[in-house]
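Below is one structure, written out as structure tokens; comments come after it.
Along the sequence shown, residues carry numbers from 1. Start at 1 and go down the list; that is how both ligands and their atoms are numbered.
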Amino acid sequence: MALLEIENLVVEFQTSTGPFRAVDGVSLKVDAGEVLAIVGESGSGKSVSMLAAMGLLPWTAKVTADRMVFDGQNLLGMSAAKRREIIGKDMSMIFQEPIASLNPCFTVGFQIEEVLRIHLGLDKAARRKRAIELFQAVGIPDPAERLGHFPHQMSGGQCQRVMIAIAIACNPKLLIADEPTTALDVTIQKQILDLLMRLQTEHRMGLIMITHNMGVVAETADRVIVQYKGRKMEEADVLSLFEAPKSDYTRALLAALPDNATGDRLPTIGELFNPNKTVEGAA
Ligand SMILES: Nc1ncnc2c1ncn2[C@@H]1O[C@H](COP(=O)(O)OP(=O)(O)OP(=O)(O)O)[C@@H](O)[C@H]1O
Ligand SMILES: [Mg+2]
């Protein structure tokens, strides 16, 4: 049985100009110990589809699916109380906007210790010890002192690392990492990716990695989903995707990489891909 299974997910936002379909029939599966990458240009519905799975979209979003099951539990129609038990513990997410996701009114130490208190029931001393360990793991210097800081006293990259520490605090069965390393410099990026991959192998954690970085995809993913305008254009194991991409859109995405581009200027996806043409291999 897959760890997460989603069939035909549709997300529609109510907007002042009428309904807007951000996700249009996406299906996916992730097994324990597997890394699934989701790639696709900005606005293709990557974050929205995963926020829908987490149950974290605002009320203006109408979410429907034929099936949405996590670890044997039906997420569709699940009570808010039951979701709160799962979210942040067995299924957690590194959000794309780290600063907006932290509460400005509380110290980062309080925020990570709350997760450990609520989900794992650790006492004060054990919480502090684990929080320090987690801050160390994500490369936050002087972790004991940092626990007493508020988000506004930290840089964007540091907030992102706090978010990552919170997301992995309870050793989740499934981690959704939404552009987890974009605000970080390359050495920290590598440390974070190594840490996520270690968790994935040691705890058989399922990992959904949303990224624009095809280098990260090549290094980490087992399978890749390519999304475009809320639809799945292609799904393939990582080798096949790079060696023999099926859809024109994936070919355009790969051709737009600095290493593959020819000439002085990088082509845009728009120049390389005409959505009005029929796409072979579209899912
Ligand atoms: N709360 C909302 N209300 C209305 N539209 C929204 C809302 N949130 C997202 N959208 C729209 O849904 C579409 C998909 O957004 P989403 O954030 O999933 O894109 P993405 O693929 O994650 O892009 P990026 O790579 O830039 O993070 C976009 O057109 C976005 O404007
Ligand atoms: Mg996004």
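- The two residues Phe70 and Lys173 make their nearest non-hydrogen contact at CZ-CB, 4.3 Å.
- Nearest non-hydrogen protein atom to atom 22 (O) of ligand 1 is Ser47 OG, 2.8 Å.
- Nearest protein heavy-atom contact of atom 10 (N) of ligand 1 is Phe13 CE1, 3.6 Å.
- Using a 4.5 Å cut-off on side-chain heavy atoms (C-beta onward), Arg83 and Leu75 make contact.
- Ile188 CD1 to Ile140 CD1: the interatomic distance, rounded to the nearest 0.5 Å, is 9.5 Å.
- In this structure, CG in Asn8 is found 11.0 Å from CD1 in Ile6, a value given to the nearest 0.5 Å.
- For the ligand labelled ligand 1, residue Gln227 lies outside the 4.0 Å heavy-atom shell.
- For the pair Glu113 and Leu147, the tightest heavy-atom approach, listed with the atom from each and the gap, is OE2-CD1, 4.3 Å.
- Using a 4.0 Å heavy-atom cutoff, Gly40 is absent from the residues neighbouring ligand 1.
- In terms of protein heavy-atom proximity, atom 25 (O) of ligand 1 is closest to Lys46 NZ, 2.7 Å.
- Protein heavy atom in closest approach to atom 27 (O) of ligand 1: Gln96 NE2, 2.7 Å.
- Less than 4.0 angstrom separates atom 13 (C) of ligand 1 from at least one non-hydrogen atom of the protein.
- For atom 16 (P) of ligand 1, the closest heavy atom belonging to the protein is Val48 CG2, 3.8 Å.
- Geometrically, ligand 1 and Ser44 share a nitrogen or oxygen pair separated by less than 3.5 Å.
- The N/O atoms of Ser49, backbone and side chain alike, include none that comes under 3.5 Å of an N/O atom in ligand 1.
- Between Ser101 and Met93, the closest side-chain pair of non-hydrogen atoms is not below 4.5 Å.
- Distance check for atom 31 (O) of ligand 1: every protein heavy atom is found at 4.0 Å or beyond.
- Rounding to the nearest 0.5 angstrom, the gap separating the CZ atom in Arg117 from the CG atom in Asp123 is 12.5 Å.
- Put simply, the side chain of Glu5 never gets that close to the backbone of Arg67: no donor and acceptor are under 3.5 Å apart.
- Remark: ligand 1 atoms within the under-4.0 Å shell around heavy atoms of His212 are 25 (O).
- In the vicinity of Phe20, heavy-atom distances shorter than 4.0 Å reach the ligand 1 atoms 11 (C), 12 (O), 13 (C), 29 (O).
- The shortest non-hydrogen separation linking Pro151 to Leu102 is CG-CB, 4.0 Å.
- At a cut-off of 2.8 Å, Gln96 is counted among the residues with an N, O or S atom near the Mg ion (ligand 2).
- Atom numbering of ligand 1 starts at 1 in the shown order; those under 4.0 Å from a heavy atom of Ala22 are 12 (O), 13 (C).
- Contact check for Phe95 versus Met163: side-chain heavy atoms found under the 4.5 Å cut-off.
- For atom 26 (O) of ligand 1, the closest non-hydrogen atom of the protein is Ser42 OG, 2.5 Å.
- With respect to atom 23 (O) of ligand 1, the closest heavy atom belonging to the protein is Gly43 N, 2.8 Å.
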